[in-house]
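Before any comments, here is the structure.
Only this structure's heavy atoms are used, side chains among them; waters, hydrogens and symmetry mates stay out. These figures come from a predicted structure and were not determined experimentally.
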Amino acid sequence: MHVIKLIPGDLSIQVLRSIWSRHVPIKFDKNVWNDVEKAEQTVQNIVKSEQVVYGVNTGFGKLALNTIPKENLKKLQKNLILSHATGVGEYLEAKIARLIMVMKLASLAQGYSGVRKALIQKLIDIYNAHIIPCIPAKGSVGASGDLAPLSHMSLLLLGEGDVIVNGHVIDAKTALQQAGIEPIELEAKEGLALINGTQVSTSLALHSFFMLETTFFAASLTGALTTDVSRGSDTPFDSRIHQIRRQKGQIKMASLYKELIAGSEIRDSHLENDERVQDPYCLRCQPQVMGACLDLIHQVQATLATEANAVTDNPLVFSDSQAILSGGIFHAEPIAFACDILALAISEIGSLSERRIAMLIDTNISKLPPFLVRNAGINSGFMIAHVSAAALASENKSLAHPASVDTIPTSANQEDHVSMATFAARRLKDMTENTMTIIAIELLAAAQGVDLLRPLRSSNALEKLHNELRKKVDFYEDDRYFAPDINQAVQLIKDGVIDELFKDRIKLLFDSYE
């Protein structure tokens, strides 16, 4: 069986994507345990000395001034998990929960959290047994860590709460028994180390980021196809225009559009005697808009990769100096900002696509039959499919409002400025699905345009895209139940079929700019 060997502090985007995509057993290199055991010993030394240290033998948050007797330290940690498991809403998807568990493990295993090797190994065993914690999506403000959702993740270590096994929700105690795993009793600081951290916000962000990669590339291909069937010019993609602006994403996207349209019979048919001087911005400015989005995607990827490898619980154990330092490393502002930036890109990709759909159905601009159907009037064609796309684009504009500018004091004003990163990340899923659906509608419309222009053919690359869609959805001859067509096109994008067809071109877009 394939096993992923994790290197704490060095989880690549590729490894994270693999964990997100499917369940694969994990393990750590044996060399990580030395630092873990040194930090554990530092905590035990504090307990024995009865020195008062936050998170080891005190209450939490506003209750930090309350010193806890040694005999109550285990109960303190258990109570922390139970009392903080206050999440509400639907459970997070299994692929998000996997990312949360793995990133929490990688954080703990770096040896700054003061937890035992036995605790880390127990969580690895649970993960490898494919026991997924039921983590409610709502209830974190993204500061002092993702306390509520991480508490729900941690419940299963105690044999508490619910989990998902083989797609079914059962209680954690039963699931552990079936897997032959004993619950664990938490020692000093371990509960706090488990629930402090930004792993939930980061996992939610990565979930939408991975979805957006697929959506972005589908949008790029579909935009090229729309340009061709609209008989748009490829002059705006000339590399000379973009090189003198020096924006890297713009240069990459212009090159892609130029390459995708090359060799099209449709393009050749209007090289001469075209009365139009310039195309609408939704065609002409694609490199500028999509290139700017690509730049943001690369920027966000760097932030997420950094945070996925970060230690973000509090306090932190520095065993070499026998110091336990309390700070605010759990504050998720970097993730909140990254998600707000990504929201802008998601919204703009969908907005530009919606404008291209509007152009395609407008016979005065596209010179195609009204609403892309031959017998318009008795047939409405793509009229209301565009309305759906417009509704989704408008919804995304509202959702793109920055979450990070909001804050609300909690914990009796001890935690008086929060990031709202968890919501900032969570809302990206809806936005990405909206944009994916807009792109799917555009793909249907552009493919319809290709068929309406027969016998002319588009380029080899774009014909390949057209043919792949036609395996799932027939030409729209007369009005029919339209929603299944849209769903099929969405699934084509979501399943990565387009990615697989054009993986070499994807690599060129998403490889490092360096």
Side-chain angles (χ1 to χ4, degrees), residues 4 6 11-24 26 85 87-107 123-124 126-142 145-156 161-169 172 194-195 197-215 300-301 303-305 307-310 312 332 335-336 338-339 342-343 346 399 403 419-434 436 494 496:
I4 297 178
L6 301 178
L11 303 179
S12 68
I13 285 291
Q14 290 72 26
V15 165
L16 292 166
R17 190 184 289 108
S18 296
I19 290 162
W20 174 77
S21 299
R22 66 194 187 285
H23 180 269
V24 180
I26 60 171
V88 295
E90 296 181 355
Y91 295 142
L92 297 178
E93 294 179 44
K95 54 178 54 181
I96 300 173
R98 288 197 300 267
L99 282 171
I100 293 168
M101 294 174 77
V102 167
M103 284 193 287
K104 174 54 70 176
L105 281 164
S107 176
L123 193 54
I124 292 173
I126 291 170
Y127 180 91
N128 287 344
H130 209 169
I131 300 172
I132 302 297
C134 290
I135 304 174
K138 299 180 181 181
S140 174
V141 294
D146 290 311
L147 295 172
L150 285 173
S151 294
H152 283 275
M153 181 207 76
S154 304
L155 283 173
L156 60 80
D162 291 329
V163 298
I164 300 172
V165 178
N166 297 325
H168 300 287
V169 176
L194 284 165
I195 70 172
T198 63
Q199 287 81 26
V200 175
S201 301
T202 307
S203 296
L204 285 164
L206 282 167
H207 175 59
S208 293
F209 180 84
F210 293 143
M211 289 172 59
L212 180 60
E213 287 181 322
T214 295
T215 304
V300 169
Q301 177 177 301
T303 298
L304 296 183
E307 194 72 4
N309 287 288
T312 52
I335 294 299
C339 292
L342 202 60
I346 295 168
L399 288 171
S419 72
M420 298 308 299
T422 324
F423 169 67
R426 180 163 52 82
R427 72 36 156 112
L428 296 181
K429 177 178 180 288
D430 286 344
M431 293 186 69
T432 306
E433 289 176 345
N434 286 346
M436 187 180 289
K494 187 177 287 187

Exercise for the section: Kindly indicate whether the side chain of Glu433, heavy atoms from C-beta on, has any atom under 4.5 Å from the side chain of Met211. Expected result: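 Touching, per the 4.5 Å side-chain cut-off.
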Practice task
Please collect all salt bridge (charged side-chain N to carboxylate O under 4.0 Å, His left out) contacts where either partner lies in residues 88-105, sequence neighbours excluded, each pair once.
Solution key: Glu93-Lys429
Exercise for the section: Begin from the C-alpha positions of Leu304 and Ile335 and carry the test side-chain contact (heavy atoms from CB on, under 4.5 Å) through to its verdict. Expected result: CA-CA 7 Å; Leu304 296 183; Ile335 294 299; 3.6 Å; yes
Check whether [X] reaches the backbone of [Y] with its side chain - one donor and one acceptor, N or O, closer than 3.5 Å.
| X | Y | result |
| --- | --- | --- |
| Asp162 | Ala172 | no |
| Ser419 | Gly142 | yes |
| Asp146 | Val200 | yes |
| Ser107 | Met103 | no |
| His152 | Pro133 | no |
| Thr198 | Ser201 | no |

Practice task
Show your reasoning for whether side-chain contact (heavy atoms from CB on, under 4.5 Å) applies to Thr312 and Glu307.
Solution key: CA-CA 9 Å; Thr312 52; Glu307 194 72 4; 3.6 Å; yes
Exercise for the section: With sequence neighbours excluded, tell me which residues meet ring-ring contact (aromatic ring centres under 6.0 Å, His included) with His23. Expected result: Tyr127, His130
[atom1]/[X] to [atom2]/[Y] distance, rounded to the nearest 0.5 angstrom?
| X | Y | atom1 | atom2 | result |
| --- | --- | --- | --- | --- |
| Asn434 | Leu399 | CG | CG | 7.0 Å |
| Leu342 | Thr432 | CG | OG1 | 6.5 Å |
| Leu428 | Phe423 | CG | CZ | 9.0 Å |
| Met101 | Ile131 | CE | CD1 | 8.0 Å |
| Arg427 | Thr422 | CZ | OG1 | 12.0 Å |
| Asn309 | Thr202 | CG | OG1 | 10.0 Å |

Kindly give the heavy-atom pair with the smallest separation between [X] and [Y], and that separation in Å.
| X | Y | result |
| --- | --- | --- |
| Ala205 | Ala425 | N-CB, 3.6 Å |
| Leu147 | Ser151 | O-OG, 2.7 Å |
| Cys339 | Ala424 | CB-O, 3.5 Å |
| Leu105 | Ile26 | CD1-CD1, 3.8 Å |
| Ala97 | Ile132 | CB-CG2, 3.6 Å |

Taking only residues two or more places apart in sequence or in another chain, which ones pass side-chain contact (heavy atoms from CB on, under 4.5 Å) with [X]?
| X | answer |
| --- | --- |
| Ser21 | Arg17 |
| Ala106 | Leu11 |
| Ala148 | Thr86 |
| Gln301 | Ile13, Phe209, Glu213 |

Practice task
Just do the side-chain contact (heavy atoms from CB on, under 4.5 Å) check on Ile19 and Leu6 with the steps written out, would you?
Solution key: CA-CA 11 Å; Ile19 290 162; Leu6 301 178; 4.3 Å; yes
Problem - The single option from Ile164, Leu155, Leu156 passing side chain to side chain contact (heavy atoms under 4.5 Å, CB included) against Cys134 - result: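 Among Ile164, Leu155, Leu156, the one meeting side chain to side chain contact (heavy atoms under 4.5 Å, CB included) with Cys134 is Ile164.
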Handout entry: Reference residue Ser203; test side chain to side chain contact (heavy atoms under 4.5 Å, CB included); the match among Ile100, Val102, Leu92
Key = Ile100
Exercise for the section: Test Leu150 against Leu194 for side-chain contact (heavy atoms from CB on, under 4.5 Å), laying out the working first. Expected result: CA-CA 7 Å; Leu150 285 173; Leu194 284 165; over 6 Å; no
